[in-house]
Amino acid sequence: MAVVLLFIDGVGLGEEQDHNPWFACPTPHLEGLLGGRSLVRGATGQHREDVWLVETDARLGVPGLPQSATGQAAIFTGKNAPKLMGEHQSGLPFQRLRRLVRADNLYLQCEARGYRGTFANCYTQDYFDRPSTKRGWVSVSTVAIQSAQEPIRMMPDLLADQAVYHDLTRWTLARKDAAVPEIQPEEAAEHLLSLAATADLVVHEYFLSDLAGHRQDRELIRRVIQDVDRFIGTLAQYKHREDVIVLVSDHGNSEDFRVSTHTSNPVPTLIIGPADVPQSTEGWNLTCITPWLLEQVERDRNRKEKKGGISHG
Ligand SMILES: [Zn+2]
């Protein structure tokens with residue numbers, strides 16, 4: 001039983017218009033969860049007993065378009081990173097922002113409370129051998145997991161189905177290495193759920209959505225949306241009854257194919273499962289995610305202790 005955080009880069013809540021691929025492309029699983037609506041701004045609210053779509057502010061009171069480095073830092077730390085840095089910062093975090101993430105983040109907060117938080121993504125040795133990686137140019141999610149005691153997943157973990165590749169189906173890996181077969185998004189979801197059975201919090205990061213938006217690549221965004229839809233559909237269907245699945249993005253981009261830049265649209269917090277959703281979600285923004293996830297982990301653990309007296313330390 002766990003809280004599963006699906007971080008997806010560059011997906012805002014857009015309009016029900018043809019320029020929004022998240023509306024224009026078929027998303028049968030998301031629509032099944034959202035009462036027939038697509039993942040759009042108009043679908044905000046509660047659907048079924050255990051599905052909520054919460055509009056989430058990514059601008060955080062700082063002028064300019066929201067960007068990845070500070071947006072992801074806000075999600076992973078619960079702090080207003082763009083305000084602290086004085087601007088929205090794009091791409092990979094600079095040293096000052098890396099320090100902020102390393103000092104405190106959702107994995108460290110899990111550890112401090114005696115919970116296990118883990119990152120499902122798999123790294124390659126190639127990545128750590130790159131000169132840029134050695135100089136410290138890594139993503140916010142990498143800085144965060146490297147600051148924790150939790151091990152980082154590598155290729156042998158992936159090939160043992162104990163990790164989930166960033167693209168879900170391993171298709172970008174298979175293109176480079178014919179020895180790695182592609183899998184279906186449904187299988188990736190099953191692998192993620194098996195990790196969820198052994199941890200309190202599991203995080204997965206997906207970023208091809210942002211890339212497709214910048215490139216205005218219609219073929220790629222169709223693939224992204226289909227894979228993500230099937231992945232979420234399977235997670236929702238086969239998750240443990242008590243698991244809570246949370247999908248969140250750092251800024252808009254791929255929901256408006258008229259532009260190749262980020263957008264100032266709100267982003268989704270899509271919650272699937274028996275979570276405590278605040279009565280009023282007005283003012284809900286990226287900094288609310290980490291403290292709220294920790295509350296859900298705590299609540300799940302308290303319930304387990306009441307039921308079976310499971311101890312942790
Ligand atoms: Zn971007």
Side-chain angles (χ1 to χ4, degrees), residues 5-15 19-25 39-41 55-77 79-98 100-101 119 121 127 130 132-133 136-144 165-168 171-172 203-225 227-228 247-270 285-287 289:
L5 173 65
L6 307 174
F7 163 63
I8 180 163
D9 202 318
V11 180
L13 289 175
E15 300 163 44
H19 62 250
N20 179 358
W22 292 91
F23 172 72
C25 297
L39 188 68
V40 293
R41 196 164 185 176
E55 197 173 296
T56 310
D57 171 52
R59 294 169 302 178
L60 299 172
V62 174
L65 288 175
Q67 301 292 345
S68 287
T70 38
Q72 291 167 22
I75 294 172
F76 281 81
T77 66
K79 296 194 171 70
N80 191 331
K83 201 159 243 175
L84 289 166
M85 295 297 124
E87 60 178 353
H88 294 287
Q89 294 178 344
S90 68
L92 301 174
F94 290 112
Q95 196 173 34
R96 200 164 138 240
L97 187 54
R98 294 203 296 267
L100 179 108
V101 174
F119 190 38
N121 288 54
Y127 172 79
R130 272 182 223 160
S132 56
T133 306
W137 287 110
V138 297
S139 66
V140 165
S141 55
T142 304
V143 176
Y165 207 62
H166 74 78
D167 64 7
L168 304 178
W171 69 273
T172 58
V203 179
H204 181 262
E205 175 173 74
Y206 186 91
F207 56 81
L208 294 178
S209 32
D210 192 51
L211 192 72
H214 286 303
R215 291 186 183 163
Q216 295 177 297
D217 183 334
R218 291 186 181 276
E219 196 185 331
L220 179 57
I221 196 65
R222 264 198 296 274
R223 176 173 206 152
V224 161
I225 290 172
D227 285 355
V228 168
L247 173 121
V248 70
S249 185
D250 49 354
H251 52 73
N253 177 353
S254 63
E255 81 288 1
D256 190 344
F257 254 51
R258 294 171 302 183
V259 293
S260 63
T261 60
H262 294 175
T263 71
S264 56
N265 282 331
V267 295
T269 303
L270 174 63
N285 64 45
L286 297 184
T287 68
I289 305 296

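One-based numbering, in listed order, for ligands and for the atoms of each. FYI, side chains are in, hydrogens and waters are out, and symmetry mates aren't considered; it's all heavy atoms of this structure. This structure is a prediction, so every number in the text was calculated from the model and none was measured.
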Return yes when at least one N/O/S atom of Asp210 is nearer than 2.8 Å to the Zn ion (ligand 1), and no when none is. yes
So, Ser209 side chain and Ile8 main chain: donor-acceptor pair closer than 3.5 Å or not? no
Hey, does the Lys NZ or Arg CZ of Arg98 hover above the aromatic six-ring of Trp137, less than 6.0 Å from the centre and inside 45° of the axis? yes
I'd like to know if the side chain of Thr142 and the backbone of Val138 have a donor-acceptor N/O pair within less than 3.5 Å. no
May I ask you to decide if the ring planes of Phe76 and Phe7 are parallel, tilted or perpendicular, using 30° and 60° as cut-offs? perpendicular
Let me check your reading of the structure: within less than 2.8 Å of the Zn ion (ligand 1), is there an N/O/S atom from His251? no
Looking only at N, O or S atoms, find the one in His214 nearest to the Zn ion (ligand 1) and name it. NE2
